[in-house]
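Inspection log for the structure reproduced underneath, given as structure tokens.
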There are 2 protein chains.
Amino acid sequence: MRADARRNYERLVEQAKLAFAESGVDASLDEIARRAGVASGTLYRHFPTRLDLIEAVLADQIGGLVDLGKRLLAADDAFEALTTWLRATLVHGLTYRGLAAAVMNSALDSELVSTWHARLFEVGTELVRRAGEVIVPGTDAEDVVRMIGAIAWASQDNPDRAERMLALLLNGLRR
Amino acid sequence: MRADARRNYERLVEQAKLAFAESGVDASLDEIARRAGVASGTLYRHFPTRLDLIEAVLADQIGGLVDLGKRLLAADDAFEALTTWLRATLVHGLTYRGLAAAVMNSALDSELVSTWHARLFEVGTELVRRAGEVIVPGTDAEDVVRMIGAIAWASQDNPDRAERMLALLLNGLRR
DNA sequence: TGCTAACCGGAGACACAGTCCGGTACCGTG
DNA sequence: CACGGTACCGGACTGTGTCTCCGGTTAGCA
């Protein structure tokens, strides 16, 4: 990658962070480009879709979550591990307004796309399966993962509500 | 209302039903107007917002749900009544793709708006409160109502998933 | 230093929600 | 029945945002 390209990439990620924090992940891409001092064509070249930009912005956070998930896969208490992962993922989903919707609509429903979020949810699915003996029999792992996305979506701007909804889900998962 | 206005209103509702069934409630309003043989200005005059059109299309269904809810308020088994309402509302939320999102984003988050859906959810909130002695203490009624919306949102096009998620919620509500 | 391909800027195409003004249709009254 | 007035109409137009594409520029390599 050329120096100017790298510079523009970094500027875009930086301005996207600010814009997402201000008005959610649905912030205008043109506006982000303008703030970064690049043309909109440049933004699309680096980030063909909005999710690409989102994931670039959240790369560190998602990477950390995937790592956490992998560590939890080695934990003894499967339910506790699952709880920790669910909570961490829920908190992640609340990072920016609209993030849960963007991810659920793009990453999970486009089975052709391999994304960071898809990897994150794979780990989660594995944690659900591993807890299989201590949760309600027949629980579909993907259901649980989607429930977290749904809770994040329904409780945007309200971490307390998110926590309460998570408690409902956890209670519902118990045998 | 004049005869031509009534005619146009009915045409719009009819075409909206078809368009929503085809491509969800996010179908282009211009396209619906075109299909109804009226100008887009006419559509907006009758239905200032998309939710107005949605509710006109679903007036009968929502009315029936509100009636059901009121009947359930008189039922002896509060948990059973709540379960019935939650399921009926969830099924309603799956009527059209995107309906849950449209409703949750518009009706519940705009506290200034009195809509059919707001009334539906009021009844639900009341049913949750009424079941207070048989569900987890401290359960926030609005949390539960929003969970239904969230489940509908996360399980679009997949009634089986919706049912499983509802089961998780119900299990989570039990003491 | 010169060449070339990676990369850029930004005008423009496209889609859609929503507005507004001159024209038309309907309905009520005489 | 005819007329007048207002409810209602059509559709051109505006605004916003996503996305494309072509001529111009820059960076990196030989």
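Source: prediction; values computed, not measured. Convention: sequence-line order gives letters A, B, ...; per-chain numbering from 1.
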Options dG9(C), dG10(D), dA17(C), nucleotide nearest the side-chain atoms of Tyr44(B): dA17(C)
NZ/NE/NH1/NH2 to OD/OE distance under 4.0 Å, Glu31(B) and Arg34(B): yes
For a quick check of understanding: with a heavy-atom distance under 4.0 Å over all strands, which category does Arg50(B) fall into, base, sugar-phosphate or nothing? sugar-phosphate
Value in whole Å for how far the P atom of dT16(D) lies from CG of Asp26(A): 17 Å
Any side-chain N or O of His46(B) less than 4.0 Å from the OP1 or OP2 oxygen of dC9(D)? yes
Roughly how many Å is it from OH in Tyr9(A) to C1' in dA6(C), rounded to a whole number? 17 Å
Does the protein touch nucleotides 25-30 of chain D at the base, only the backbone, or not at all? Give it as B, S and - per nucleotide, heavy atoms under 4.0 Å. -BSS--
Indicate yes or no: does Glu126(A) engage Arg129(A) in a salt bridge with an N to O separation below 4.0 Å. yes
Whole-Å distance, Ile32(B) CD1 to dG18(C) P, equals 12 Å
Arg45(A) CZ to dG23(D) C1', in whole Å, measures 12 Å
Quick check against the 3.5 Å criterion: does Arg119(B) have a side-chain atom that pairs as donor or acceptor with the backbone of Gly63(B)? no
Measure the distance from CG on Asn105(B) to P on dA17(C) and round it to the nearest whole Å. 15 Å
When the distance from CZ of Phe47(B) to P of dA17(C) is rounded to whole Å, what number comes out? 15 Å
Mapping Gly41(B) and Leu29(B) onto DNA chain C by nearest heavy atom, which one lands closer to the 5' end? Leu29(B)
Spacing of Arg11(A) atom CZ relative to dC8(C) atom P, expressed in whole Å: 11 Å
Does dC9(D) have OP1 or OP2 under 4.0 Å away from a side-chain N or O of Asn8(B)? yes
Integer-rounded Å distance: dC9(D) P and Arg34(B) CZ: 19 Å
For Arg175(A) and Glu133(A), indicate whether the former's side chain and the latter's backbone hold a donor-acceptor pair under 3.5 Å. yes
For Ser40(A) and dT18(D), is the shortest distance between a side-chain N/O and OP1 or OP2 below 4.0 Å? no
Stepwise side chain to side chain donor-acceptor pair (under 3.5 Å) test for Ser155(A) and Asn158(A): CA-CA 5 Å; Ser155(A) 58; Asn158(A) 196 328; over 6 Å; no
Sort and list the pairs that fulfil side-chain hydrogen bond (donor to acceptor under 3.5 Å, both in side chains) and have at least one residue in residues 58-78 of chain B, not counting sequence neighbours. Gln61(B)-His92(B), Gln61(B)-Thr95(B)
Taking the nucleotide of DNA chain C with the nearest heavy atom to each, does Thr49(B) or Val38(A) sit closer to the 5' end? Val38(A)
Whether Glu10(B) and Arg6(B) form a salt bridge (side-chain N of Lys/Arg under 4.0 Å from carboxylate O of Asp/Glu) is what I want to check. yes
